[in-house]
**Q** 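First the structure, then my questions, so here it is.
Hydrogens, waters and symmetry mates are skipped; everything else that's a heavy atom, side chains included, is used. Order of the sequence lines fixes the chain letters, A, B, ..., with proteins taken first and strands second; residue numbering starts at 1 for each chain.
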Protein chains: 2
Amino acid sequence: MAYQQTALDTVFHALADPTRRAVVQKLVQGSASVMELAEPFEMALPSFMKHVQVLETSGLIRSQKTGRVRTCEINPERLGAAETWINEQRALWVGRTDRLTDHVETLATKKETK
Amino acid sequence: MAYQQTALDTVFHALADPTRRAVVQKLVQGSASVMELAEPFEMALPSFMKHVQVLETSGLIRSQKTGRVRTCEINPERLGAAETWINEQRALWVGRTDRLTDHVETLATKKETK
DNA sequence: GATACACTTAGCTATATGGCTTACCAACAA
DNA sequence: TTGTTGGTAAGCCATATAGCTAAGTGTATC
């Protein structure tokens, strides 16, 4: 569980930056080289590479160097971990509002039968 | 869209910390006072209040002071924004794998009819 | 009115983050 | 062999973050 917590730390941190979210959005559509990914950004290459490192460290993407080109691809499982956590909160929230609704309905029913 | 981007920045940043995620998990089950929320953490109160501020700034929670007690509650809409973004990526990813699957199946079908 | 409680404010420290520039290196291409 | 391309490494700077302590403030409670 502790490992899971740390993973969520890094995943949510990685997604807390617009540049890195844009990289994720690009990679879910297909793998791409670092230069392709960097092109839309007015940013020094070493700075952009730092973002790639953050994404890779978080497990959201994987990369591999072939010759002089580093190609990145998404790791959908890790994105799923963040989704799972949020869905768990939603389930708790929905479950709670369901119980509240039931409670209110129970009270309403009791009033009707008096 | 720019506003949306900034919102996602702060939401994902807020969730990038185990203490803050624990607060969110508690609040989806019902509102709670700051002291109740802080109790499980071995942390100075001003430190914990900083986390609460981060969550409030991100819009994930709301708080209100009544007398000397500040009560916090979840804002499910903001959590939904993060969920929406992740679901959009998953849709792109699934759509892409679907297209690949179709392509492979088309090739397989062509082989069979030869 | 004194005391306790629940924060709030201010300031500090150490670390992390996100950008930059410069120089370098490995791998192609001409 | 030289030039170009695609990174990589190192170091710098400014800002942000995450914790702390101490002191203060407003609101109950006794």
**Q** Are more than 12 heavy atoms, taken from residues, nucleotides or ligands other than B/R90, located less than 6.0 Å from that residue's CZ atom?
**A**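 No, not enclosed.
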**Q** Give me the atom names and distance for the closest heavy-atom approach of A/R78 to A/L60.
**A**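 Reported closest heavy-atom pair: CG-N, 3.9 Å.
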**Q** So, A/E36 side chain and A/S33 main chain: donor-acceptor pair closer than 3.5 Å or not?
**A**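 Here the side-chain-to-backbone pair exists.
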**Q** For a quick test of reading the model, state the closest non-hydrogen atom pair linking A/G59 to A/N75 and the distance between them.
**A**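 A/G59 and A/N75 have their closest heavy atoms at O-ND2, 3.0 Å.
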**Q** Are the side chains of B/D17 and A/D9 in contact, using a 4.5 Å heavy-atom criterion?
**A**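 A side-chain contact under 4.5 Å is absent here.
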**Q** List the atom pairs, donor and acceptor, that lie under 3.5 Å between side-chain atoms in residues 41-55 of chain A and the rest of the protein, sequence neighbours left out.
**A**
from, atom 1, to, atom 2, distance (Å)
A/H51, ND1, A/R20, NH1, 3.0

**Q** Could you tell me from which nucleotide to which nucleotide of DNA chain C, 5' to 3', there is an atom under 4.0 Å from chain A heavy atoms?
**A**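 Range of nucleotides within reach of chain A: C/dT17 to C/dC28.
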**Q** Does A/L92 share a hydrophobic cluster with B/V11, counting links as ILVMFWY side-chain heavy atoms below 4.5 Å and allowing steps through other members?
**A**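 Hydrophobic grouping puts A/L92 with B/V11.
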**Q** I want to check something: taking the side chain as every heavy atom from C-beta on, are A/C72 and A/L37 in contact at a cut-off of under 4.5 Å?
**A**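 With C-beta onward as the side chain, the pair touches.
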**Q** If we only count heavy atoms from C-beta on, is the B/L8 to A/R21 side-chain gap below 4.5 Å?
**A**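 A side-chain contact under 4.5 Å exists here.
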**Q** Would you please say whether a donor-acceptor pair under 3.5 Å links the side chains of B/T71 and B/Q64?
**A**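 Checked: B/T71/B/Q64 side chains show no N/O donor-acceptor pair below 3.5 Å.
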**Q** Using a 4.0 Å cut-off on heavy atoms, which residues in residues 59-74 of chain A reach DNA chain D? List them by number, or say none.
**A**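 Contacts with DNA chain D under 4.0 Å: A/K65, A/R68, A/V69, A/R70.
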**Q** Out of curiosity, B/L15 CG to A/L15 CG, how far, rounded to the nearest 0.5 Å?
**A**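 The CG atom of B/L15 sits 10.0 Å away from the CG atom of A/L15.
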**Q** Expected output is a numbered-order residue list: members of residues 34-52 of chain A with a heavy atom under 4.0 Å from any atom of DNA chain D. What is it?
**A**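 The stretch gives A/V34, A/M35, A/L45, A/P46, A/M49 as the residues lying under 4.0 Å from the strand, ordered by number.
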**Q** Rounded to the nearest 0.5 Å, what separation is found between the OG1 atom of B/T57 and the NE2 atom of B/H13?
**A**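 The NE2 atom of B/H13 is 9.5 Å from OG1 of B/T57, to the nearest 0.5 Å.
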**Q** Using 30° and 60° as the class limits, which term best fits the ring planes of A/W85 and A/F12: parallel, tilted or perpendicular?
**A**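 Answer is perpendicular, since the angle exceeds 60°.
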**Q** Ignoring hydrogens and geometry, is there a side-chain-to-backbone donor-acceptor pair from B/Q29 to B/Q25 under 3.5 Å?
**A**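 Yes.
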**Q** Using a heavy-atom distance cut-off of less than 4.0 Å, which residues of residues 10-20 of chain B contact DNA chain D?
**A**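 Under 4.0 Å from DNA chain D: B/H13, B/R20.
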**Q** Are any side-chain N or O atoms of B/E83 and backbone N or O atoms of A/E83, one a donor and one an acceptor, separated by less than 3.5 Å?
**A**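 Side chain of B/E83 to backbone of A/E83, a donor-acceptor pair under 3.5 Å: no, none is there.
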**Q** Please find the earliest and latest nucleotides of DNA chain D, in the 5' to 3' direction, that have an atom within less than 4.0 Å of any heavy atom of chain A.
**A**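 The contacted stretch runs from D/dT4 to D/dA9.
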